[in-house]
Enquirer: 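The structure follows.
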Amino acid sequence: MEKGGFRVDPVTIDTTKIKITKKQPVTALDKLNDTGLISTVLAAREREGMILFSTIDQVFNWARLSSLWPVTSGLACCAIEMMAVAMAHHDIARFGMEIFRASPRQADLMFVAGTVTKRMAPRVKQLYEMMPDPKWVIAVGGCASTGGPYHESYSVLKGVDLIIPVDVYIPGCPPRPEAWIYGVIQLREKIKNQGYGAKWGLNK
Amino acid sequence: MESDELFINMGPVHPSTHGVARFKLRMDGENIKECTPVIGYLHRGTEKIGEMKTYLQFIPYTDRLDYISAFPNNYAFVKAVEELAGIEVPLRAEYIRVLTMELNRIINHIVSIGSLLMDLGAATMIMWGFRERENALQLFEMLCGARMTFNYIKPGGVREDIPDGFMPKLNEFLKDMEKRIDDYEQLINGNEIFHMRMKNIGVINAKDAVNYGWTGPTLRGSGVDYDLRKYEPYSIYPDLDFKVCVRNEGDSYARFIVRMDEMKESLHILRQVVDNMPASKEISSAEYGIAPMTGTPTGVSTYFPRIFTPPAGEVYSRIEAPKGELGFYVVSDGTTKPYRVKIRSPSFCNLTAIPSLVKGLKIGDLIAAFGTIDVVLGDVDR
Amino acid sequence: MNAAEELKALLPGSVISTGLQLNKPMAVIKKEDLLKAAGKAKDIGFDHLSVITGIDYKDHFEVIYNFFSYSKKQNLALKVNLDHDKPEVETLTSLWNGADWLERETFDLVGIKFIGHPNLIRILLPDGWNGHPLRKDYDMNTEQFVTIGENGDDVVSPDGTNLLRRK
């Protein structure tokens with residue numbers, strides 16, 4: 001190679017050559033889905049749970065996902081992007097996160113934004129335990145997901161999911177505000193599919 | 001009336017401590033008798049990582065030290081390496097570097113003033129400030145693709161040239177910023193509550209400030225007339241014309257006004273840089289080539305050699321970062337990785353004086369004094 | 001004559017050699033006379049202590065002090081060589097208040113003891129951490145478990161015994 005950087009050629013995809021293959025139906029349900037008629041006993045029993053619990057679940061889930069209140073646990077550089085996401089240009093208040101509560105007892109979402117060091121880890125865990133149920137955790141950035149660029153350091157915890165359960169991971173260093181909002185929307189989708197129906201495997 | 005001593009912990013998770021700083025306070029009622037800062041909750045081991053990576057691979061780690069203004073951190077390390085290796089930098093690259101650093105100085109002071117006022121209770125300033133910050137971050141994104149951690153200044157020059165739409169947008173930003181700074185002054189400077197909370201709080205005289213190792217706007221607020229850009233100049237600062245902003249009172253209000261004045265001086269410097277930018281296309285040292293690369297705004301990008309070995313030796317070089325004097329002590333033993341990198345960060349050295357600054361004050365005054373010292377925990381803990 | 005030679009002229013017994021730290025004058029001082037030399041440097045006019053660096057070469061330690069003078073606008077660096085088994089040197093906190101935390105950090109990360117320091121405990125790593133990370137023989141794979149003890153301070157153990165809630 002001559003003295004130079006690497007060459008990046010534009011990629012061309014010929015869409016006429018792509019073929020979409022369909023799976024052949026194997027089970028009874030698959031064959032039923034193919035025909036479009038849902039009237040057998042099997043399918044009706046599946047939908048029974050949905051009818052009983054569906055509306056209450058939907059109402060609760062809608063209430064929970066529309067007004068998530070985060071707790072301010074910004075640790076490092078991603079905290080500055082948290083401030084940028086909360087300000088007027090990319091507004092996270094339109095998704096319901098109107099106020100960042102200072103006390104974890106009044107919050108139900110924790111953004112772990114920044115590097116979690118071994119010295120700070122027991123405090124993050126204590127913060128998580130102080131939040132009342134139902135609660136969710138979003139790990140923002142490379143450092144909170146897996147240790148990030150500081151993976152080889154002696155004093156960095158390699159990902160916050162070693163100590164608390166995490167629902168959504170947002171990669172980036174730091175993630176753009178648009179990526180942040182995408183992660184929040186993924187969490188809302190996850191909350192929408194929760195409830196008694198989903199726990200008993202009925203809300204498909 | 002004598003009461004028992006109260007022991008309060010202003011913990012690492014606190015909305016006003018600008019990150020994860022902790023204060024152990026011994027109080028007599030509402031007055032502080034003794035304050036001990038405890039730091040190290042964000043210690044990531046950057047100096048040890050510096051011994052495991054090559055010079056070029058270490059530059060992204062310098063971005064994350066003072067993450068609000070990342071260009072001066074890049075430049076301080078690169079200046080040390082260039083002095084060690086004896087690399088000449090072309091003029092246009094120096095102008096681009098100063099442009100980015102002064103723009104970073106403006107947005108750093110905006111965040112500092114905004115978060116100070118948010119701690120004191122006035123949330124308007126931070127909302128207005130972040131609106132300007134978005135414009136500046138869009139300019140940076142046009143230039144190098146990232147909003148906060150740039151990795152743009154490398155030994156010998158900069159990574160890419162200025163794209164086409166950049167200059168008109170920058171001129172628009174400069175015109176806009178002047179009006180906005182006048183708006184901020186009108187909002188804050190005459191406010192009576194602000195005066196009552198900031199005047200005569202956290203007073204320190206010039207001799208004590210130098211003894212504690214203070215540098216930057218905090219030192220200039222106590223009357224010492226010293227600015228590294230003027231008296232030990234580097235890069236193209238000898239050709240630029242600007243004033244050094246100094247105040248004599250030494251209290252929090254003086255430090256705040258120094259920062260407002262510095263924003264205006266930075267605008268003045270930026271206008272001179274834009275007017276005198278050389279028209280050549282060399283953005284890095286002649287011994288490195290320029291390679292065509294698709295995907296960049298101008299179609300070319302600098303090729304920095306992967307094997308870069310400066311001669312053995314040690315150097316200490318310092319620059320005037322927005323928070324104070326940022327210095328890098330680099331020891332090289334002739335291989336591709338440094339032997340030791342020591343970072344002298346302004347926030348760490350400015351924070352040592354907090355115990356003596358707040359003796360006898362109330363907790364609200366601690367927050368006001370701590371806000372004007374402008375500490376970022378990534379810089380303190382490294 | 002530059003500042004290092006000036007210092008040599010004033011204290012001929014303490015200064016071992018003078019040289020250059022790339023472009024700043026540097027003087028190598030005997031370990032026992034550091035406080036005297038630093039005091040003399042402060043008298044000449046070097047009132048700003050910029051940084052204290054500790055370096056671990058495999059057979060000896062070095063501590064380097066960088067000074068600056070606001071009145072004369074000059075730089076000066078002082079270097080001290082220490083043994084590898086017993087790295088101890090006098091503290092400068094009686095002359096500069098800012099040396100307090102810089103020396104604590106050097107003790108924490110490199111392991112150099114400063115005699116006479118009022119409060120020489122760890123500052124960036126929790127109390128009880130094993131080893132000094134910036135030494136060249138630090139083992140990066142040692143496990144350290146940190147929990148919160150009483151008063152909010154940290155308790156570190158290498159084998160996880162502090163993680164049990166009931167002993």
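Computed from heavy atoms alone, side chains included, the values below leave out hydrogens, waters and symmetry copies.
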Enquirer: For A:Ala79, is it the side chain, the backbone, both or neither that has a heavy atom under 4.5 Å from a heavy atom of chain B?
Expert: neither

Enquirer: Under a 4.5 Å cut-off applied to non-hydrogen side-chain atoms, are B:Arg133 and A:Ile80 in contact?
Expert: yes

Enquirer: Less than 4.0 angstrom from a charged side-chain N to a carboxylate O is my criterion; do A:Glu152 and B:Lys48 meet it?
Expert: no

Enquirer: Does any backbone or side-chain atom of A:Cys143 lie under 4.5 Å from a heavy atom of chain B? Answer side chain, backbone, both or neither.
Expert: neither

Enquirer: Taking atom OH of B:Tyr67 and atom CD of A:Glu81, what is their separation to the nearest 0.5 Å?
Expert: 12.5 Å

Enquirer: Which pair of non-hydrogen atoms, one from A:Ser155 and one from B:Gly45, has the smallest distance, and what is that distance?
Expert: OG-N, 4.4 Å

Enquirer: Which bit of A:Pro177 comes within less than 4.5 Å of chain B, counting heavy atoms only: side chain, backbone, both or neither?
Expert: side chain

Enquirer: Quick one: do the A:Ser153 and B:Arg44 side chains pair a donor with an acceptor below 3.5 Å?
Expert: no

Enquirer: Let me know if B:Gln57 has heavy atoms under 4.5 Å from chain A in its side chain, its backbone, both or neither.
Expert: neither

Enquirer: Return a table of donor-acceptor pairs under 3.5 angstrom between the side chains of residues 68-76 of chain B and protein atoms on other chains or two or more places apart.
Expert:
residue : atom : partner  : partner atom : Å
B:Ser69 : OG   : B:Asp66  : OD2          : 3.2
B:Ser69 : OG   : B:Asn108 : ND2          : 3.2
B:Asn73 : ND2  : B:Thr62  : O            : 3.1
B:Asn74 : OD1  : B:Thr62  : OG1          : 3.0
B:Asn74 : ND2  : B:Asp63  : OD1          : 3.3

Enquirer: Would you give the length of the straight line joining atom CE of B:Met127 to atom CE of A:Met87, rounded to the nearest 0.5 angstrom?
Expert: 4.5 Å

Enquirer: Pick from B:Leu42, B:Val38, B:Asp381, B:Ile39: which one makes a side-chain contact (heavy atoms from CB on, under 4.5 Å) with A:Arg119?
Expert: B:Val38

Enquirer: Give a yes or no on whether the ring-centroid distance for B:His43 and A:Tyr150 is below 6.0 angstrom.
Expert: no

Enquirer: Please tabulate, for the side chains in residues 94-101 of chain A, all donor-acceptor contacts under 3.5 angstrom to protein atoms that are two or more places apart in sequence or on a different chain.
Expert:
residue  : atom : partner  : partner atom : Å
A:Arg94  : NE   : A:Asp91  : O            : 2.8
A:Arg101 : NE   : A:Gln106 : OE1          : 3.1
A:Arg101 : NH2  : A:Gln106 : OE1          : 2.8

Enquirer: When only pairs under 4.5 Å are counted, which of A:Val71, A:Val116, A:Thr117, A:Leu127 shares the most heavy-atom pairs with chain B?
Expert: A:Thr117

Enquirer: Nearest 0.5 Å, please: how far is CZ in B:Phe130 from NE2 in A:His89?
Expert: 13.0 Å

Enquirer: Would you find more than 12 non-hydrogen atoms of other residues, nucleotides or ligands less than 6.0 Å from B:Phe173 atom CZ?
Expert: yes

